[in-house]
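A quick write-up on the structure given underneath.
Reminder, nothing fancy here: chain letters follow the sequence lines and each chain counts from 1.
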Number of protein chains: 2
Amino acid sequence: MVKRTSFEGDSCPIARSLEALGDWWSLLIIREALFGVRRFGEFQSKLGMAKNILSARLRSLVDHGILETAPASDGSAYQEYLLTPKGRGTFPILVALRQWSEAFDDHPEEIATILVDRAKGRPVKKLEMRAEDGRLLSPADTTLKPRPARRRSA
Amino acid sequence: MVKRTSFEGDSCPIARSLEALGDWWSLLIIREALFGVRRFGEFQSKLGMAKNILSARLRSLVDHGILETAPASDGSAYQEYLLTPKGRGTFPILVALRQWSEAFDDHPEEIATILVDRAKGRPVKKLEMRAEDGRLLSPADTTLKPRPARRRSA
DNA sequence: CTCCAGTAGTTGCATGATGAAACCATGTTG
DNA sequence: CAACATGGTTTCATCATGCAACTACTGGAG
């Protein structure tokens, strides 16, 4: 069996995220969902992707608890795809991807939109990593520790 | 011609990021690089991936300006792969992926490591989205605006 | 009720991407 | 130079992706 290697059992949380989100279209589907897209046909026309792939991805995202299907809402007897809290929790990931493009893309003039604070209409600040006490952290200021085992004693 | 659809010309910055980072192994390679991995064989043994795929990904990451090849460093006449500033700029993306796993994974007990502040040994805070003036923003507090055209007048 | 159009998929087939292992080129060691 | 390690490329089988065609169901017009 050759199969694409799965990261499912991997102990690295990044690999585990990619197991659910790392497929070619998944994050773009979630992006559309965050914009309010709910219907199959709407995803399909906005993303311009093949319907079979969309079908497979939607099912995978539902299986991973990122989307859930709801029966209707606009009268028609079809179903729609709604983000779960877990799905909405991907927002920082999308913001990080967006900001990385904005900062490093070779052709930033081709980027059509900017993410702004709705109240002021001003661009949002870059995501910052901070310590518990609020100190700003750079990558070099961080390190990995083994996860403390959850106590099993009484 | 069938070919995987490319997001290269897409105006969405998220799609543009995924064009460079969205391949199945790319972010894990970058994760290792951020940990200090530099050599082909070291990537290969740590990630357990096929050498041909690693070779293709490394080349792609170099082409995208995320990694660069340097001639030596440890005496041997081989080359090594170093992160560029653009590559190091992916750190928030990896942190966002990690935190999403930590927050929403169905089996968080399988996650082996936690990212901590090196100085205090305490977990880093969750990434926060803030307005220019420092107000904390939720997804609903943000919206997209068309990018203001760069003035071409004299 | 019947016909027609639209929505939401599924199925089939062609092709690109991926994975495992073998092969190779170069440098390094004895 | 022979033997070995490093850093790949090539080969081939399988998986994933993409496109088109097809089906099932819904809703509305006549």
Side-chain angles (χ1 to χ4, degrees), chain A residues 1-10 15 18-30 32-33 36-64 67-82, chain B residues 1-10 15 18-29 32-33 37-64 67-82:
Chain A
M1 186 170 60
V2 181
K3 238 198 99 162
R4 186 167 68 176
T5 49
S6 162
F7 306 136
E8 199 160 358
D10 200 300
L18 293 175
E19 178 72 22
L21 305 173
D23 271 307
W24 195 239
W25 289 100
S26 298
L27 282 166
L28 294 179
I29 291 171
I30 294 171
E32 295 301 327
V37 171
R38 301 174 168 205
R39 295 289 287 266
F40 185 95
E42 208 178 351
F43 284 110
Q44 207 260 320
S45 61
K46 295 222 176 192
L47 291 171
M49 65 190 291
K51 296 200 292 181
N52 56 342
I53 308 291
L54 175 58
S55 179
R57 288 291 161 274
L58 287 173
R59 195 173 349 189
S60 163
L61 290 170
V62 170
D63 288 347
H64 280 99
L67 296 175
E68 60 188 353
T69 53
S73 105
D74 69 334
S76 73
Y78 298 114
Q79 66 179 352
E80 51 188 33
Y81 297 87
L82 299 177
Chain B
M1 185 174 60
V2 181
K3 236 197 100 160
R4 186 169 67 174
T5 50
S6 161
F7 306 136
E8 199 161 359
D10 201 299
L18 292 175
E19 178 71 22
L21 306 172
D23 271 308
W24 195 239
W25 289 99
S26 299
L27 282 166
L28 293 179
I29 292 171
E32 295 301 327
V37 171
R38 303 174 166 203
R39 295 289 287 267
F40 186 96
E42 208 178 352
F43 284 111
Q44 208 259 319
S45 61
K46 294 223 178 191
L47 291 171
M49 65 191 292
K51 296 200 292 181
N52 56 342
I53 308 291
L54 175 57
S55 179
R57 288 291 160 274
L58 287 173
R59 194 170 346 172
S60 164
L61 290 170
V62 169
D63 288 348
H64 280 98
L67 295 176
E68 60 188 353
T69 52
S73 106
D74 69 335
S76 73
Y78 298 114
Q79 65 179 354
E80 52 187 34
Y81 298 88
L82 298 176

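- For B/S55, the side-chain hydrogen bond (donor to acceptor under 3.5 Å, both in side chains) criterion is met by B/R59, not counting sequence neighbours.
- Note that OG of B/S60 is 12.0 Å distant from CD1 of B/I53, once rounded to the nearest 0.5 Å.
- The CD atom of A/E19 sits 11 Å away from the P atom of D/dA16 (whole-angstrom rounding).
- What separates CZ of B/R38 from P of D/dG7 is a distance of 13 Å, to the nearest Å.
- Between the C1' atom of C/dA17 and the CG atom of B/D23 lies a distance of 9 Å, rounded to the nearest Å.
- The side chain of B/T5 lies closest to D/dG18, out of D/dG18, C/dG9, D/dG7.
- Straight-line distance from the CD1 atom of B/I53 to the C1' atom of D/dG7: 16 Å, rounded to whole Å.
- At least one side-chain nitrogen or oxygen of B/W25 sits closer than 4.0 Å to the OP1 or OP2 atom of C/dG19.
- Residues satisfying the side-chain contact (heavy atoms from CB on, under 4.5 Å) test with B/A56, not counting sequence neighbours, are none.
- Between C/dG19, D/dT6, D/dG8, one nucleotide has an atom nearer to the side chain of B/R39 than all others, and that is D/dT6.
- Using a 4.0 Å heavy-atom distance criterion, B/F43 is classed as making no nucleic acid contact.
- A straight line from CG of B/L47 to C1' of C/dA20 spans 16 Å, rounded to a whole angstrom.
- Annotation: side chain of B/Y81 is in contact with side chain of B/F43 (closest heavy-atom distance under 4.5 Å).
- In this structure, the side-chain hydrogen bond (donor to acceptor under 3.5 Å, both in side chains) partners of A/E19, at least two apart in sequence or on a different chain, are A/S6.
- Residues passing the salt bridge (charged side-chain N to carboxylate O under 4.0 Å, His left out) test with B/D23 are B/R4, B/R57, sequence neighbours excluded.
- Distance NZ (B/K46) to P (D/dG7): 14 Å, rounded to an integer number of Å.
- In this structure A/F7 satisfies the ring-ring contact (aromatic ring centres under 6.0 Å, His included) test together with B/W24, B/W25, sequence neighbours excluded.
- Within the 4.0 Å cut-off from OP1 or OP2 of C/dT7, not a single side-chain nitrogen or oxygen of A/Q44 is found.
- Remark: A/R57 in residues 54-63 of chain A come within less than 4.0 Å of DNA chain D through at least one heavy atom.
- For B/T69, there are no side-chain hydrogen bond (donor to acceptor under 3.5 Å, both in side chains) partners at least two apart in sequence or on another chain.
- A/Q44 CD to A/N52 CG: the interatomic distance, rounded to the nearest 0.5 Å, is 9.5 Å.
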Seminar exercise, completed: Per-nucleotide protein contact along nucleotides 21-27 of chain C, 5' to 3', at a 4.0 Å heavy-atom cut-off (B base, S sugar-phosphate only, - neither), is ------S
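- Rounded to an integer number of Å, the gap from CE of B/M49 to P of D/dT9 is 13 Å.
- When rounded to the nearest whole Å, the span between CZ of A/F40 and C1' of C/dA8 equals 6 Å.
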